[in-house]
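Reviewing the structure listed below.
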Amino acid sequence: MIAFVNGAVAALTPNLAVIEVGGVGMAVHCTPNTIAGLRVGEQARLATSLVVREDSLTLYGFADDDERQVFELLQTASGVGPRVAQAMLGVHTPDALRVAFASGDAKALTAVPGIGPKGAQKLLLELKGKLGAPAPVVGAQRAAASGPAPWTEQLTAALIGLGYASREAEEAVVAVTPQAEAAIAAGGSAPVPQLLRAALQSLNRAR
């Protein structure tokens, strides 16, 4: 098993980072949140999980060991493969998922693309208690909760990480804000991966 990769970031896409390790470029599949913390040319250390199939070897990367552990635990549920597990971490932090499973919040799970109401209820039954208890919300976390919408920060950071200027990133965030607000008004959360794709499309049209 490849537990982590450590090296210079050679390239970035919305869901893939290429990390140079010993002269070899390792393609690592990441969530937009993880991509947002990377910069081409800078050193990075990603916790990783290697998924082996008959016809492929796929490396998934995470900001820390906790994300990787949750990624692997999510896959112990029937019907949850690496893509769905990564999509869940693309929408929710590990602690947000712990809160959802502890409280039986099916609506939070249906905010993940590909998970419907029945699937959410099934996951709640299978995974309740398996992810552990969420960290208590204290001090700075409460202050952060009252700050700007997390999805705007995530999206802006992801676009800047992909090489766009701050002004371009801000304009793209404004362009997709109606889409995000519609998702939130429907009772879900802002789907960062889809918003990132829409933001990139708006930037490409503007060029």
Side-chain angles (χ1 to χ4, degrees), residues 12-17 27-38 46 49 51 53 56 58-63 66-128 130-131 149-159 161-162 169 172-173 175-204:
L12 293 172
T13 73
N15 58 8
L16 187 77
V28 187
H29 293 260
C30 304
T31 66
N33 293 348
T34 301
I35 292 290
L38 304 177
L46 296 175
S49 179
V51 176
R53 296 286 186 264
S56 67
T58 306
L59 198 60
Y60 291 85
F62 310 92
D66 185 37
E67 274 196 357
R68 178 184 60 196
Q69 182 180 24
V70 170
F71 172 79
E72 293 174 347
L73 286 171
L74 290 171
Q75 292 177 75
T76 63
S78 59
V80 177
R83 291 181 182 276
V84 173
Q86 190 177 54
M88 293 173 76
L89 285 166
V91 174
H92 300 294
T93 64
D95 263 355
L97 286 172
R98 291 187 179 102
V99 170
F101 282 107
S103 62
D105 187 356
K107 185 176 291 186
L109 299 184
T110 58
V112 179
I115 298 180
K118 290 184 178 179
Q121 291 295 340
K122 183 179 178 182
L123 287 173
L124 289 174
L125 289 173
E126 290 193 39
L127 292 173
K128 186 174 183 179
K130 288 189 176 182
L131 302 187
W151 73 266
T152 62
E153 296 176 353
Q154 294 170 10
L155 189 55
T156 301
L159 291 167
L162 289 170
V173 168
V176 301
T177 293
Q179 182 178 337
E181 291 178 342
I184 294 170
S189 58
V192 175
Q194 291 94 318
L195 292 173
L196 179 57
R197 285 193 289 271
L200 289 170
Q201 289 172 356
S202 72
L203 287 166
N204 289 335

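Side chains are part of it too, since the values below use all heavy atoms of this structure and drop only hydrogens, waters and symmetry mates.
Of all heavy-atom pairs between Leu196 and Pro32, the closest is CD2-CB, 3.9 Å. When all heavy atoms of Ala85 and Leu74 are compared, the pair lying nearest together is O-CD1, 3.8 Å. For the residue pair Glu126 and Ala77, the shortest heavy atom distance occurs at OE1-CA, 3.3 Å. Shortest non-hydrogen contact noted between Thr76 and Leu127 is OG1-CD2, 3.7 Å. Shortest non-hydrogen contact noted between Leu38 and Ala17 is CD1-CB, 3.8 Å. Across all non-hydrogen atoms, the minimal contact from Leu200 to Pro14 is CD1-CG, 3.1 Å.
Residues Thr58 and Pro82 fail the side-chain proximity criterion, which asks for heavy atoms closer than 4.5 Å. Within the 4.5 Å cutoff, the side chain of Val70 has no heavy atoms near those of the Phe62 side chain. Counting heavy atoms from C-beta on, the side chains of Leu89 and Leu97 come closer than 4.5 Å.
For the atom pair CD (Gln75) and CZ (Arg83), the distance works out to 12.0 Å, reported to the nearest 0.5 Å. Rounded to the nearest 0.5 angstrom, Gln201 CD and Arg197 CZ are separated by 8.5 Å. Separation of atoms CG (Leu12) and CG (Leu16) is listed at 8.5 Å; rounding is to 0.5 Å.
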Check: residues 107-122 side-chain donor-acceptor pairs under 3.5 Å, at least two apart:
{"from": "Thr110", "atom 1": "OG1", "to": "Lys107", "atom 2": "O", "distance (Å)": "2.8"}
{"from": "Lys122", "atom 1": "NZ", "to": "Ser78", "atom 2": "OG", "distance (Å)": "3.3"}

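No more than 12 heavy-atom neighbours from other residues, nucleotides or ligands sit within 6.0 angstrom of NZ on Lys128.
Applying the side chain to side chain donor-acceptor pair (under 3.5 Å) rule to Glu72 yields the partners Ser49; only residues at least two apart in sequence or on another chain are considered. Remark: His29 pairs with Tyr60 by the ring-ring contact (aromatic ring centres under 6.0 Å, His included) rule, at least two apart or across chains. For Asp66, the salt bridge (Lys or Arg N to Asp or Glu O under 4.0 Å) partners two or more places apart in sequence, or in a different chain, are Arg98. Residues passing the side-chain contact (heavy atoms from CB on, under 4.5 Å) test with Val173, sequence neighbours excluded: Trp151, Thr152, Leu155, Thr156, Thr177. Shown here are the side-chain contact (heavy atoms from CB on, under 4.5 Å) partners of Ala36, two or more places apart in sequence or in another chain: Ala157, Ala158. Applying the side-chain contact (heavy atoms from CB on, under 4.5 Å) criterion to Leu73, with sequence neighbours excluded, gives Gln69, Leu131.
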Walk me through it: do Thr34 and Glu67 pass the test side-chain contact (heavy atoms from CB on, under 4.5 Å)?
CA-CA 10 Å; Thr34 301; Glu67 274 196 357; 3.7 Å; yes
